[in-house]
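The structure appears right after this line, and notes come after that.
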Amino acid sequence: MTLLKAVRGTRDLLPPETELWDRVESTARRVFARYNFGEIRTPVFEDTQLFARGVGEETDIVSKEMYTWEDRARAQSEKSQSLTLRPENTAGVVRAYIEHKLGETGLLQKLYYIGPQFRRERPQKGRYRQFWQIGAEAIGPPSAGSESPLRDAEVLEMLASFLDELGITGWTLVLNSVGSASDRPKYVAALRDALAPVKDQMSPDNQRRAETNPLRVLDSKDPADEAIIATLPKIADYLDDESKAHFAAVLAALDACGVKYEVNPRLVRGLDYYTRTTFEFTHGGLGAQNALLGGGRYDGLSEMLGGPKAPGIGFAMGLDRLILTLKTAEGASSGAPQFALADAFLAPLGEALNAPALELARELRRHGLRIELGDGTFRLRKSFEIGNKLAHNIILLGEDEQASGILTVKNFATGEQTKIPRGELAQTLKNS
RNA sequence: GCGGCUAUAGUUCAGCGGCAGAACGCCUGACUGUGGCUCAGGAUGUCGUGGGUUCGAUCCCCACUAGCCGCCCCA
């Protein structure tokens with residue numbers, strides 16, 4: 001029989017690495033809560049139309065990377081429905097915002113999520129077909145201040161604080177403005193006009209981009225095309241006064257709180273819904289996938305999905321990539337993540353002591369102690385060997401100890417062995 | 001989706017057209033209620049899968065699968 005394996009691009013996360021995941025996630029929850037964000041959990045699959053309309057039919061994500069299937073009708077009266085595993089979470093959050101009429105509260109909705117996303121791409125380092133994102137969205141009616149550049153700056157400052165608190169150093173915040181919903185098409189048209197006469201001289205990749213997504217030409221890494229790219233129109237010249245003022249205000253707010261950034265006029269993002277502010281936090285040592293997180297403003301998304309006007313700004317952070325950078329950083333200093341040691345390994349000496357040992361373990365665990373319970377069939381030597389790997393102390397529960405109520409405890413670090421009355425055991429272990 | 005590299009023990013990796021190897025880890029004993037250090041012994045395995053060449057393939061060839069790197073794109 002052939003062995004079943006995790007499918008391509010998916011993987012198992014095992015302890016002790018999962019402790020690192022837990023640390024990152026709990027840090028996110030803690031930091032985001034200080035900014036008054038609340039958690040939202042949306043379904044892992046949605047109507048395919050949500051992504052087609054929200055993310056954009058022409059994007060790579062929608063056109064070739066989605067896991068989509070026809071959910072078959074189970075009754076004559078029922079129609080089959082095209083469903084898709086979510087490739088990102090912003091569309092789902094905005095769908096929920098509309099569906100639950102959160103705009104009617106009149107308040108800005110600040111929501112974060114942590115969960116798996118799915119894209120059918122070729123797996124690589126830092127890129128998986130099931131990957132995890134931590135993201136947040138600040139969305140609401142304009143009257144709630146959702147269009148304010150302060151929101152952009154606040155989200156960026158929150159991200160900087162989060163990365164700092166996690167101990168991630170060496171990141172770079174890169175940002176740009178791609179203009180409002182009306183600026184952007186004008187600019188794209190100008191770009192097409194400028195590219196038309198010169199694109200034949202460019203690399204095949206850029207010729208293709210010039211046709212499908214001219215903005216991407218700006219993002220080209222091809223040095224041969226640099227000269228031509230430098231002559232292309234600049235987005236900054238196509239921003240209307242409002243967009244210019246918005247971007248300036250974002251930068252001013254970042255300056256005021258000392259968050260460092262780089263403006264990159266060529267930063268474009270792949271999703272159709274972005275307007276005005278777009279950004280990335282990048283990090284070296286991630287290989288070709290150097291973007292730790294990306295995001296931006298999406299002032300028109302709600303309306304694209306048939307909802308009310310609800311401007312917003314958000315980001316999605318690649319948890320897999322975050323863990324990767326943490327692991328390489330910590331691997332260099334203190335080695336790979338280690339299992340945390342239990343407070344004590346409890347060794348029953350003989351099978352007859354198994355049941356009493358479980359009772360003692362229960363008592364100690366109720367005091368909050370982390371206890372590894374051995375087995376009465378183990379030879380004492382084996383208990384010591386296992387205990388030494390898993391715990392700080394070993395507790396012996398033999399016939400003598402059971403009869404007298406005085407336990408034998410040995411500390412592995414000091415080698416010191418003591419007799420401790422059962423009533424004092426929990427406190428002694430806690431203090432050690 | 002395209003190009004390149006790789007796949008051998010639990011792990012990290014040597015190796016060779018002719019009996020499958022090392023280190024670490026694991027198991028047993030020296031030591032019947034005492035770990036680490038030491039010593040002695042032991043088991044590691046469909047050599048990724050399927051086909052081909054050959055007297056003979058873990059080794060050479062082909063295909064597939066998976067991983068890694070780059071491209072595309074993205075978190």
Side-chain angles (χ1 to χ4, degrees), chain A residues 1-11 14 55 58-65 86-90 113-135 159 203-206 208-209 212-213 215-216 219-222 267-271 279-283 286-296 314-325 336 345 347-350 353 374 376 378-401 408-417:
Chain A
M1 192 162 67
T2 52
L3 243 44
L4 264 25
K5 301 196 299 183
V7 306
R8 183 169 208 199
T10 70
R11 62 204 177 124
L14 308 172
V55 178
E58 303 306 317
T59 60
D60 278 20
I61 292 177
V62 172
S63 65
K64 52 189 196 197
E65 294 174 2
R86 63 185 184 199
E88 58 99 56
N89 218 330
T90 299
Y113 57 83
I114 299 178
Q117 319 293 336
F118 306 85
R119 290 180 203 171
R120 200 179 183 292
E121 294 182 278
R122 180 95 165 236
Q124 240 174 278
K125 182 180 190 177
R127 171 190 290 171
Y128 305 96
R129 290 183 170 183
Q130 172 174 333
F131 61 101
W132 292 73
Q133 286 188 331
I134 299 180
L159 283 165
S203 67
D205 264 349
N206 277 330
R208 181 181 48 75
R209 287 170 172 147
T212 58
N213 190 351
L215 286 173
R216 291 234 70 92
D219 212 20
S220 168
K221 291 163 200 149
D222 196 330
L267 176 70
V268 292
R269 304 202 46 76
L271 281 57
F279 58 86
E280 280 180 5
F281 283 66
T282 59
H283 196 279
L286 272 175
Q289 279 65 242
N290 68 343
L292 213 46
L293 66 93
F315 64 86
M317 180 159 47
L319 193 42
D320 308 77
R321 293 180 186 179
L322 204 61
I323 299 283
L324 205 59
T325 56
F345 180 91
L349 308 185
L353 278 313
F378 292 171
R379 289 180 48 200
L380 187 60
R381 173 188 172 82
K382 183 179 167 110
S383 287
F384 266 83
E385 283 172 351
I386 299 174
N388 187 40
K389 284 176 192 160
L390 299 180
H392 293 293
N393 300 283
I394 186 167
I395 304 168
L396 303 186
L397 181 62
E399 285 174 16
D400 294 351
E401 286 85 356
T408 306
V409 178
K410 185 166 183 178
N411 181 290
F412 283 115
T414 64
E416 185 188 359
Q417 184 161 312

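All chains are named by letter (A, B, ...) in the order of the sequence lines, taking the proteins before the strands, and each is independently numbered beginning at 1.
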Can you measure [X] atom [atom1] to [N] atom [atom2] for me and round it to whole angstrom units?
| X | N | atom1 | atom2 | answer |
| --- | --- | --- | --- | --- |
| A:Arg208 | B:rC71 | CZ | P | 14 Å |
| A:Arg8 | B:rC68 | CZ | C1' | 11 Å |
| A:Asp205 | B:rG1 | CG | C1' | 12 Å |
| A:Arg209 | B:rC74 | CZ | P | 9 Å |
| A:Ile61 | B:rG1 | CD1 | C1' | 16 Å |
| A:Phe384 | B:rC37 | CZ | C1' | 16 Å |
| A:Phe279 | B:rC74 | CZ | C1' | 15 Å |
| A:Phe378 | B:rU28 | CZ | P | 10 Å |

- Item | Toward the 5' end of RNA chain B, by each residue's nearest nucleotide, A:Thr10 or A:Ile386 |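 Comparing both residues, the 5'-ward one is A:Ile386.
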- Item | Given RNA chain B, 5'-ward residue of the pair A:Gly126 and A:Gly415, judged by closest heavy atom |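 Nearest nucleotide further toward 5': that of A:Gly415.
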Counting the atoms with a prime plus P, OP1 and OP2 as sugar-phosphate, which does [X] contact under 4.0 Å by heavy atoms, base, sugar-phosphate, or nothing?
| X | value |
| --- | --- |
| A:Gly135 | nothing |
| A:Ile394 | nothing |
| A:Leu271 | sugar-phosphate |
| A:Tyr128 | base |
| A:Gly294 | sugar-phosphate |
| A:Arg119 | base |
| A:Gly9 | sugar-phosphate |
| A:Thr408 | base |
| A:Arg120 | sugar-phosphate |
| A:Asp400 | base |
| A:Gln417 | base |
| A:Leu293 | sugar-phosphate |

OP1 or OP2 of [N] versus the side-chain N and O atoms of [X]: is any pair under 4.0 Å?
| X | N | value |
| --- | --- | --- |
| A:Gln124 | B:rG70 | yes |
| A:Arg122 | B:rC72 | no |
| A:Lys389 | B:rC26 | yes |
| A:Arg381 | B:rG35 | yes |
| A:Arg379 | B:rG29 | yes |

Output a table of donor-acceptor pairs, distance under 3.5 Å, between side-chain atoms of residues 126-133 of chain A and any protein atom two or more places apart or on a different chain; print 'none' if there are none.
residue, atom, partner, partner atom, Å
A:Arg127, NH2, A:Gln289, OE1, 3.4
A:Arg129, NE, A:Glu121, O, 2.7
A:Arg129, NH2, A:Glu121, O, 3.3

- Query: When only distance counts, do a donor and an acceptor, one from the side chain of A:Glu401 and one from the base of B:rG33, lie under 3.5 Å apart?
  - Reply: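 In this structure, the two groups form a donor-acceptor pair.
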- Do the side chain of A:Arg321 and the base of B:rC74 come within less than 3.5 angstrom through a donor-acceptor pair of N or O atoms?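 Side chain to base: pair found, below 3.5 Å.
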- Would you call A:Arg11-A:Asp320 a salt bridge at under 4.0 Å N-O?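 Yes, charged N to carboxylate O under 4.0 Å.
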Atom [atom1], compared across [N] and [M]: separation rounded to whole Å:
| N | M | atom1 | result |
| --- | --- | --- | --- |
| B:rU58 | B:rC19 | P | 11 Å |
| B:rG67 | B:rC26 | P | 30 Å |
| B:rC13 | B:rG45 | C1' | 15 Å |
| B:rG3 | B:rC72 | C1' | 11 Å |
| B:rG48 | B:rG10 | P | 13 Å |
| B:rC47 | B:rA9 | P | 9 Å |
| B:rG50 | B:rA66 | C1' | 15 Å |
| B:rU54 | B:rU11 | C1' | 35 Å |

- Starting from Watson-Crick (N1-N3 plus N6-O4 or O6-N4) and G-U wobble pairs under 3.5 Å, report the runs of at least three that RNA chain B belongs to.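 Stems found: B:1-7 with B:65-71, B:10-13 with B:21-24, B:26-30 with B:38-42, B:48-52 with B:60-64.
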Using the test salt bridge (Lys or Arg N to Asp or Glu O under 4.0 Å), find all partners of [X] that sit at least two apart in sequence or belong to another chain.
| X | answer |
| --- | --- |
| A:Arg381 | A:Glu385 |
| A:Arg8 | none |
| A:Glu58 | none |

- Task: Would you check, one step at a time, whether the test side-chain contact (heavy atoms from CB on, under 4.5 Å) holds for A:Leu322 with A:Met317?
- Result: CA-CA 8 Å; A:Leu322 204 61; A:Met317 180 159 47; 4.0 Å; yes
- Query: Which nucleotide sits closest to the side chain of A:Gln133: B:rC27, B:rA75, B:rC72?
  - Reply: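 Closest nucleotide among those given: B:rA75.
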- Please determine, for the side chain of A:Leu396, which listed nucleotide (B:rG36, B:rA75, B:rU34) has the closest atom?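 The answer is B:rU34, which lies nearest to the side chain.
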- Look up atom CG in A:Asn411 and atom CD1 in A:Ile394, then write down how far apart they are to the nearest 0.5 Å.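 Rounded to the nearest 0.5 Å, the CG-CD1 separation comes out at 11.5 Å.
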- Task: For atom CD of A:Glu399, decide whether the heavy atoms of other residues, nucleotides or ligands shown that lie under 6.0 angstrom number more than 12.
- Result: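 Check fails, neighbour count at 12 or below.
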- Any stacking of A:Phe131 on B:rA75, going by centres under 5.5 angstrom and planes within less than 30 degrees?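 Stacked: ring centres under 5.5 Å, planes under 30°.
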- Query: If we ignore angles and hydrogens, is there a donor and acceptor under 3.5 Å between the side chains of A:Thr408 and A:Glu401?
  - Reply: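 Yes.
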- Any side-chain heavy atom of A:Ile386 within less than 4.5 Å of one from A:Phe345?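 With C-beta onward as the side chain, the pair touches.
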- With A:Asp400 via side chain to side chain contact (heavy atoms under 4.5 Å, CB included) - residues at least two apart: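 A:Asp400 satisfies side chain to side chain contact (heavy atoms under 4.5 Å, CB included) with no other residue.
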